[in-house]
Amino acid sequence: MKALIEKRCKLMAELDAMDEKLGEGIETRNVSQEDINAMNQKLKEVKEIDAQIEQQKETRNLKNTKEMKEEETNMETRAMLLEGKEVEIREVGMTTVSGAIKTTNGELVQKAKTTHKILEKARIMPVNGKSIVPVQKTAVDKLVPVAELAEYTKKAVEVGTVDLRPNKYGVVVPVSEELLEQASFDVEQFVREEGQRAIENTIAGKIVETLEGATKGSVARETEGVLTYQDVCNLYFGLKQEYRANGVFVMNDNHLRALMGLVGADGQPILQRDITSEFGYKLFGKEIILENDATKMYFADMNKAVVCGVGSTATVKRSDDVMFLVGAVAFKVVVSVDVQPAIEDALVFMA
């Protein structure tokens with residue numbers, strides 16, 4: 001709008017000069033049609049600018065009205081939290097969830113940056129109570145004669161189900177009384193961020209716990225207690241080909257340290273530099289995910305190996321009982337979570 005106002009001022013100055021010139025011309029009867037047309041053109045431009053300025057003013061007023069409504073909603077939520085009423089916060093959670101935690105797989109797990117890369121690979125579903133999730137274990141992988149298609153599909157396609165039974169998990173977020181007394185402190189945003197971090201940690205931990213519970217897909221080392229290049233090859237090729245395309249390695253720091261000393265048949269390190277990744281290494285071209293709760297080394301298509309169910313909303317409620325002795329107020333964040341194994345063949349591991 002500033003540029004439009006400046007342009008209008010410039011045009012008005014030019015119009016004043018032209019008006020003065022035309023006034024002198026009228027007195028001497030020396031006014032050309034060309035001067036009149038030029039002045040009319042300037043007047044037309046000024047009117048167009050006036051219309052644009054009015055449009056921008058209207059847009060700004062509408063925007064201010066929307067922001068005021070959002071601010072009023074935030075103030076209402078803040079007031080409810082401080083009064084000890086239970087509040088639903090739909091955006092608490094990860095910025096992931098297989099597409100979800102707003103969800104891109106669920107309301108609580110959006111796929112955004114997270115400290116746990118494993119959340120970006122897992123299948124995370126928004127749930128409200130118990131859910132039966134279909135899992136396609138096999139698919140039609142080639143063309144067949146049309147007359148045989150129905151029968152072949154019955155044999156080739158296997159669909160199973162996963163029964164998700166989410167349990168409630170909670171975390172206490174402490175806030176000092178001094179901060180709560182400051183009107184500028186956004187208590188809702190603070191609780192959301194702290195709750196999101198706790199939810200991400202919980203889901204990542206449950207995923208690793210599910211991996212640790214796997215009994216099928218074990219790959220033995222050639223020598224107990226020693227990791228060799230051949231062991232890593234056996235782990236990689238132990239996963240069926242259809243799952244290797246989207247496979248990732250999940251391991252802890254000790255596994256990674258052992259890999260750094262290994263070389264392949266060509267004498268080159270088997271870990272590859274990856275400048276596009278924050279971590280900086282890949283193994284056989286596949287991403288490495290570090291989870292120090294993992295006691296084994298895994299190679300898996302995480303989207304097929306596990307299914308996560310996460311509540312579409314989190315509830316938040318103030319509690320003055322938990323931390324009153326230290327001059328703080330606690331906010332309890334509760335969300336429902338469950339993680340279950342899905343396709344057994346999508347996972348192999350080495351102890």
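Owing to the predicted nature of the structure, the values given are computational and were not obtained by experimental measurement.
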Carboxylate-amine/guanidinium proximity below 4.0 Å for Glu209 and Lys206: yes

Is a side-chain donor or acceptor of Glu212 paired with a backbone partner of Thr295 at a separation under 3.5 angstrom? yes

Does Lys296 NZ have over 12 foreign heavy atoms under 6.0 Å away? yes

Any Val306 side-chain heavy atom under 4.5 Å of Arg123 side chain: no

CZ (Arg257) and CG (Asn252) are apart, to the nearest 0.5 Å, by 9.0 Å

Quick check: do Phe299 and Leu283 have side-chain heavy atoms less than 4.5 Å from each other? no

Looking at every heavy atom in both Phe284 and Cys233, which two are closest together, and how far apart are they? CZ-SG, 4.0 Å

Rounded to the nearest 0.5 Å, what separation is found between the CZ atom of Arg221 and the CG atom of Asp231? 6.5 Å

Contact summary for Ile118 and Ala204, nearest pair of heavy atoms: CG2-CB, 4.0 Å

Residue pair Met297 / Leu227, side-chain heavy-atom distance below 4.5 Å: yes

Hphob cluster co-occupancy, Phe190 + Leu179, side-chain heavy atoms under 4.5 angstrom: yes

Where do Asp345 and Lys216 land on the salt bridge (Lys or Arg N to Asp or Glu O under 4.0 Å) test, with the steps shown first? CA-CA 8 Å; Asp345 290 340; Lys216 183 179 177 181; 2.9 Å; yes

Please name the pair of heavy atoms, one in Leu235 and one in Phe249, separated by the smallest distance, quoted to 0.1 Å. CD2-CE2, 4.0 Å

With side chain to side chain donor-acceptor pair (under 3.5 Å) as the criterion, how do Gln52 and Glu48 come out once you've worked through the C-alpha distance, each side chain's angles and the decisive distance to 0.1 Å? CA-CA 6 Å; Gln52 291 180 49; Glu48 289 175 352; 5.5 Å; no

Minimal heavy-atom distance between Val172 and Ala330, with the atoms involved, is CG1-CB, 3.3 Å

Close side-chain approach of Phe331 to Lys317, heavy-atom, < 4.5 Å: no

When rounded to the nearest 0.5 angstrom, what is the spacing between NZ in Lys42 and CD in Glu14? 4.0 Å

Run the side-chain contact (heavy atoms from CB on, under 4.5 Å) test on Leu271 and Met260 for me, step by step, so that the C-alpha distance in whole Å, both residues' side-chain angles and the decisive distance to 0.1 Å come before the verdict. CA-CA 7 Å; Leu271 286 179; Met260 286 184 171; 3.5 Å; yes

Greater than 12 external heavy atoms within 6.0 Å of Glu224's CD: no

Decide yes or no for Tyr169 and Ser336: does some side-chain heavy atom of the first lie under 4.5 Å from some side-chain heavy atom of the second? no

Find out whether Met302 and Ile207 are in side-chain contact, i.e. whether some heavy atom of one side chain is under 4.5 Å from a heavy atom of the other. yes

Distance col, row Ile270:CD1 vs Leu259:CG, nearest 0.5 angstrom, shows 5.0 Å

Between Glu194 and Arg197 (salt bridge meaning N to carboxylate O under 4.0 Å), is one present in this structure? yes

Where do Met350 and Val219 come nearest, in terms of heavy atoms and distance? CG-O, 3.5 Å

Are Met39 and Leu15 packed together at the side-chain level, in the sense that at least one heavy-atom pair is separated by less than 4.5 angstrom? yes

Measure across Gly309 and Leu164 and return the closest heavy-atom pair with its distance rounded to 0.1 Å. CA-CD1, 3.8 Å

Linked, directly or transitively: Val263 and Ile288 (ILVMFWY side chains, under 4.5 Å): no

Hey, could you give me the CD/NZ distance between Gln272 and Lys286, rounded to the nearest 0.5 Å? 11.0 Å

Under the side chain to side chain contact (heavy atoms under 4.5 Å, CB included) test against Ile203, which residue among Val335, Asp338, Val310 passes? Val310

Between Tyr281 and Tyr236, is there a shared hydrophobic cluster once you connect ILVMFWY residues whose side-chain heavy atoms come closer than 4.5 Å? yes

Going through the distances and angles, do Gln41 and Asn37 end up as a side chain to side chain donor-acceptor pair (under 3.5 Å)? CA-CA 6 Å; Gln41 180 60 33; Asn37 290 342; over 6 Å; no

Atom pair CG/CG of Leu256 and Leu290 - distance to nearest 0.5 Å: 5.5 Å

